[in-house]
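These numbers were taken from a predicted model, which means no experiment stands behind them. Count residues from 1 along the sequence. Both ligands and their constituent atoms are indexed starting at 1 by order of listing.
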Amino acid sequence: MTASRIGVLVSGNGSNLDALLSASRRGDLPEIALVLANVAGCRALSRAEEARVPARFLDPRAAPSREAYDEALAAELGEARIDLVCLAGFMRLVGRPLLERFAGRVLNIHPSLLPAFPGLHAPRQAVAAGVRVSGCTVHFVDAGLDTGAVIAQAAVPVQLDDTEESLAARILEQEHRLFPAAAAWVARGEVALEAGRARWRSPPQRAEGAIACPRTDRP
Ligand code: GRF
């Protein structure tokens with residue numbers, strides 16, 4: 001597929017949204033055409049407004065059921081002619097109505113090297129487990145909790161004196177590189193969801209690109 005209009009779902013601070021907006025302004029990503037939040041007044045919504053991107057809060061309590069909320073999200077995205085959906089710190093499971101309408105077109109960023117440490121507080125889980133390496137993952141979204149097909153990952157070393165906060169901050173820096181890059185690959189049709197796996201258009205070269213590691217040099 002190729003995508004020309006991106007929708008972003010948010011709940012919180014919105015630093016990943018900012019990274020996507022910057023990539024779009026640079027011409028590395030298609031237009032961010034709509035931002036939807038499930039949390040009223042979150043910082044991500046004001047970032048979208050500052051960037052003059054249509055943005056609105058969709059109240060989960062106004063929907064009679066989880067399905068109805070997903071249908072409302074899908075309807076808004078459909079009306080805005082969105083063809084790629086990025087979950088950027090969207091703290092809510094998305095369900096069938098949205099996943100069916102946007103099959104293979106919903107991406108999420110998660111702050112661990114999945115399948116390790118799915119769910120909440122992934123950096124805290126990594127520090128508690130004593131792992132030496134963690135990182136972040138961009139994956140296609142399925143109905144599970146952080147279980148969809150992996151598209152790209154960035155590794156982040158865990159220091160002996162890391163706290164949840166210090167590790168989360170270094171992972172977040174990599175999220176800001178990884179998410180725009182992975183979204184661009186999907187938008188350009190270089191990688192797509194096929195039979196539950198991320199399939200690359202030109203396997204040998206692109207498969208190497210599927211694993212992103214922190215660069216030691218700075219761009
Ligand atoms: C990120 O760590 C993301 O991976 C996780 O929630 C955090 C959101 O940060 N799902 P932000 O709202 O993009 O600043």
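Put simply, no part of Ala44 is less than 4.0 Å from ligand 1, judged by heavy atoms.
Considering every non-hydrogen atom in both Ile82 and Gly7, the closest pair reads CG2-N, 3.3 Å. Here the closest heavy-atom approach between residue Met91 and residue Ser11 is recorded as N-OG, 2.8 Å.
The Asn13 neighbourhood of ligand 1 comprises atoms 12 (O), 14 (O), with distances under 4.0 Å to a heavy atom of that residue. Those atoms of ligand 1 with a heavy atom of Gly89 less than 4.0 angstrom away are 6 (O), 8 (C), 10 (N). Here is the list of ligand 1 atoms found below 4.0 Å of a heavy atom in Ile109: 4 (O), 10 (N).
The protein heavy atom nearest to atom 5 (C) of ligand 1 is Pro111 CD, 4.0 Å. Protein heavy atom in closest approach to atom 2 (O) of ligand 1: Glu175 OE2, 2.9 Å. Remark: minimum distance from atom 12 (O) of ligand 1 to any protein heavy atom is reached at Gly14 N, 2.8 Å. For atom 14 (O) of ligand 1, the nearest protein heavy atom (residue, atom name, distance) is Ser15 OG, 2.5 Å.
No side-chain donor-acceptor contact under 3.5 Å links Ser134 to the backbone of Val156.
With respect to the salt-bridge test (charged N to carboxylate O, under 4.0 angstrom), the residues Arg43 and Glu50 qualify. Ionic pairing of Arg56 and Glu76 is present here: one or more N-O contacts between side-chain nitrogen and carboxylate oxygen are shorter than 4.0 angstrom. Between Arg47 and Asp18 a salt bridge is recorded (basic side-chain N to carboxylate O distance below 4.0 Å).
Checked options Val85, Thr147, Leu99, Leu107; the residue passing with Val141 is Leu99 (criterion: side-chain contact (heavy atoms from CB on, under 4.5 Å)).
Atom 13 (O) of ligand 1 has its nearest heavy-atom neighbour, among Val10, Asn16, Leu120, Thr137, in Asn16.
For a threshold of 3.5 Å applied to N or O pairs, the pair formed by Leu172 and ligand 1 contains no separation below that value.
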